[in-house]
Amino acid sequence: MNYCEYDIKNKILNLLEEHCTEAKEKAVLNYLPKHEIKQQIQGLLAEQGAGDEALYKVIKDIILPYSNNLQSPMYMGHQVPPVLPLAAMLDYVISSLNQSLVVSRMSPVMTLIEQELISFLTQKIGYDSKSGGTVTSGGSISNLMGLVCARNKYFPDNDLSDAVVLCPEESHYSVKKNAFVGGIKSENIIKVPCDENFKTSPAELEKIIIDLMAKNLKPFIMFANAGTTSTSSFDNLTELHKITSKHDIWLHIDAAHGGSLILSKAMSHLIEGINQADSISIDGHKMMFMPSGMGMFFVKDENTLKSCFDDIEAHYLYNDTEEIIKLSKYSLQCTKRADAFKLWGCLLAYGTDFFAEKYEYLHKMTKYFYNQINKSPLFEAANDPEFNIICFRYAPKGSSLTNEQLNEINFNLRDRVNNSGQAMITLTSLNDIIYLRATLTNPSTNEECLRHLLSLLFSHGLT
Ligand SMILES: Cc1ncc(COP(=O)(O)O)c(C=O)c1O
C-alpha cells in the first residue's frame, strides 16, 4: 500500500495545484448563503465511508469553489495572508512527519530547528544572548505567554487582588480575554487612551500608573502595540519603555502584525526600541505569509520564561539520563507541531530580503491607496497608514449626511462589495465611526486593483 491510501494524495495535490495556479484570476468569493453550503455538506458522515471519490468531489465542488480566495489580488480582508506555496508544502512535511516538540527525543531534528529559528529572530529583534522564545499557535497565545511571565515575576504567590493590566484602547481583544484567563479582576484591566493616529499616549500612560499606585494597586504589565489590528499603527516603544521601566512594569509588545518588520532595514524605524521590551509577540501567519497557526513569543531574558514552569514534573516525559531539550517546559502546550520548520525553511530558501521587499511594496501600495482616497471627493481616510492596513469611509465632501447615516451606508457597503465576489474588505469602528478596512497582504495587489476597489465601492454601494 502507498503511504497515502487509494492514491488520493496525488489527485488532491493535482487539483490543488490547478486551483492555486488559476486562483489569481478567479473571483475572491463565489458567495453562497451559509444554509446552501450547509445543505451540501450535512449528513455526509456515516458508519460506512462514502469513499475517496466522494471526498474528492466535495473538495472539487464545494471547498475549493466556495472558500475565500486569498490568492486574489482583490483580497484585502482580515490579516490572513496568501500563503507562500513553499510554506504550504513544508506544512505538508510537518503534518506527515508529525514530530511533536514536547521533548527532543520525540523530535530530534525539528526541536533544533525551532531553536535555530528563535535564535536567528532574537538577533533580528536586537536582543542579546540571554534572550529566548518559543513558537506558539498565534498572537493570542503569545500575548498570554507575556502575561504568564509577568505574573510569575510580580505575583509568584498568585495573590492577584491588586494586580492591574494596562493596555491601549487599540489593543487586540485577546489582551482582555487573556487577562480574564489569567485571573485579573475585570475592573483592573485599564485601557490607556490613544492619540488621533491610534498610538498609545505615553503621557496618559504615566498619569494612569501614578494614579493606580496612589490607590495601592500594582500595574504589572503594559501591552504596547507594534501594528494595531485596526490601522497598523505603531506605538512609540522607546517612550513607553522609559515609563514602564521607571515604574517597574513588564513591557510586552504585541507585534503580532508589525513585528515582521524586524526583517526590513528600510522600515525598522517603526519598531525602534522593540529590543527594550521584556517580551514580544510576532506572528508568522500574518505578515510572514505562513499557513496558520504559527506565532512566536520572545523574551529578553530566557530565565523569565523558564522559571514559569520549571518545577512542573511529568515523569513519563522528563525522565532521561542524557541531556534532552524540553521545549514543552517553555510552552503552554504539550503536543506541539513543528511549525517553526515552515518559516525556517522559507527563510533558508529565500532569505530575509525577500520578505523585506514585500513589506516595502505593500506599504507603498497602501500609501498609494491613501492618496487616491484623499484625491476623491467621496471618500476619507481615518489616518495616514504607517504600514499596510488602511481605514476609510464613504463620506462625500460637503454632504449633509449625519455620522449615523454614514455609518449605515458604510456598514452595508462592506457586504455588498464582498458578496459581489469582486473584492474582499472588512470594517471596524474607530471612535464610534464605522470605517471600511483594507489590509494589503497580497504582493500581487497593484495600483490598478486599488483603483478598481474604489470604483467597485462606488458602483455597488452608491448608485
Ligand atoms: C495586533 C494583534 N495581536 C494579536 C492578534 C491575535 O492573533 P491570533 O489570531 O494569531 O491569535 C491579532 C489578530 O488579528 C492582532 O492583530
Side-chain angles (χ1 to χ4, degrees), residues 68 70 75-83 87 91 133-148 165-182 189 191-192 194 197-200 221-235 237 240 251-262 270-271 274 277 279-298 331-333 336-337 339-340 342-343 359 362 366 385-391 424-430 435 437-441:
N68 290 346
L70 275 62
Y75 176 87
M76 297 169 224
H78 284 289
Q79 301 143 279
V80 188
V83 296
D91 219 32
T134 181
V135 170
T136 68
S137 61
S140 303
I141 297 300
S142 300
N143 286 344
L144 181 59
M145 296 287 291
L147 186 80
V148 167
V165 168
L166 299 166
C167 58
E169 274 169 349
E170 282 299 313
S171 288
H172 185 258
Y173 74 93
S174 61
V175 171
K176 196 164 179 198
K177 205 158 62 164
N178 290 336
F180 170 72
V181 171
I189 304 165
K191 294 207 165 174
V192 182
C194 294
N197 287 314
F198 311 103
K199 293 166 179 282
T200 310
I221 183 167
M222 165 66 190
F223 285 89
N225 284 316
T228 56
T229 309
S230 290
T231 54
S232 67
S233 302
F234 289 77
D235 284 344
L237 304 177
L240 295 181
L251 180 63
H252 177 88
I253 299 182
D254 181 354
H257 186 82
S260 305
L261 295 181
I262 56 171
L270 289 172
I271 48 167
I274 195 168
S279 57
I280 306 167
S281 306
I282 301 180
D283 272 357
H285 64 209
K286 290 192 170 60
M287 293 312 298
M288 290 178 178
F289 313 106
M290 294 294 116
S292 53
M294 205 275 162
M296 289 166 286
F297 172 72
F298 299 95
S331 168
L332 292 171
Q333 292 163 259
K336 185 169 110 154
R337 278 167 58 85
D339 285 311
K342 56 199 178 199
L343 180 54
Y359 306 150
L362 289 167
T366 313
E386 289 186 280
F387 187 18
N388 67 331
I389 306 180
I390 175 160
C391 287
M424 190 170 287
I425 54 172
T426 54
L427 60 77
T428 191
S429 162
L430 297 166
Y435 283 97
R437 173 172 170 267
T439 305
L440 276 68
T441 54

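Counting convention: from 1, in listed order, for ligands and their atoms alike.
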| request: Evaluate the side-chain proximity of Asp339 to Thr136: yes if any heavy-atom separation is below 4.5 Å, no if none is. | output: no
| note | Residues at least two apart in sequence or cross-chain that pass side chain to side chain donor-acceptor pair (under 3.5 Å) with Lys336, listed by chain then number, are Glu114, Thr134
| field | Approximate separation, where rounding is to 0.5 Å, of His285 NE2 and Met294 CE | value | 9.5 Å
| Side-chain touch Met287/Thr441, heavy atoms, less than 4.5 angstrom | yes
With a cut-off of 3.5 Å and sequence neighbours excluded, list every side-chain donor-acceptor pair involving residues 251-258.
| from | atom 1 | to | atom 2 | distance (Å) |
| --- | --- | --- | --- | --- |
| His252 | ND1 | Ser279 | OG | 2.7 |
| His252 | NE2 | Asn143 | OD1 | 3.1 |
| His252 | NE2 | Ser281 | OG | 2.8 |
| Asp254 | OD1 | Ala256 | N | 3.1 |
| Asp254 | OD2 | Asn143 | ND2 | 3.0 |
| His257 | ND1 | Gln79 | NE2 | 3.1 |
| His257 | NE2 | Asn388 | OD1 | 2.8 |

| said: I'd like the residue list for ligand 1, meaning every protein residue with a non-hydrogen atom under 4.0 Å from the ligand. | reply: Gln79, Gly138, Gly139, Ser140, Asn143, His172, Gly227, Thr229, Asp254, Ala256, Asp283, His285, Lys286
| Can you list the residues that meet the side chain to side chain donor-acceptor pair (under 3.5 Å) rule with Thr228, with sequence neighbours excluded? | Thr231
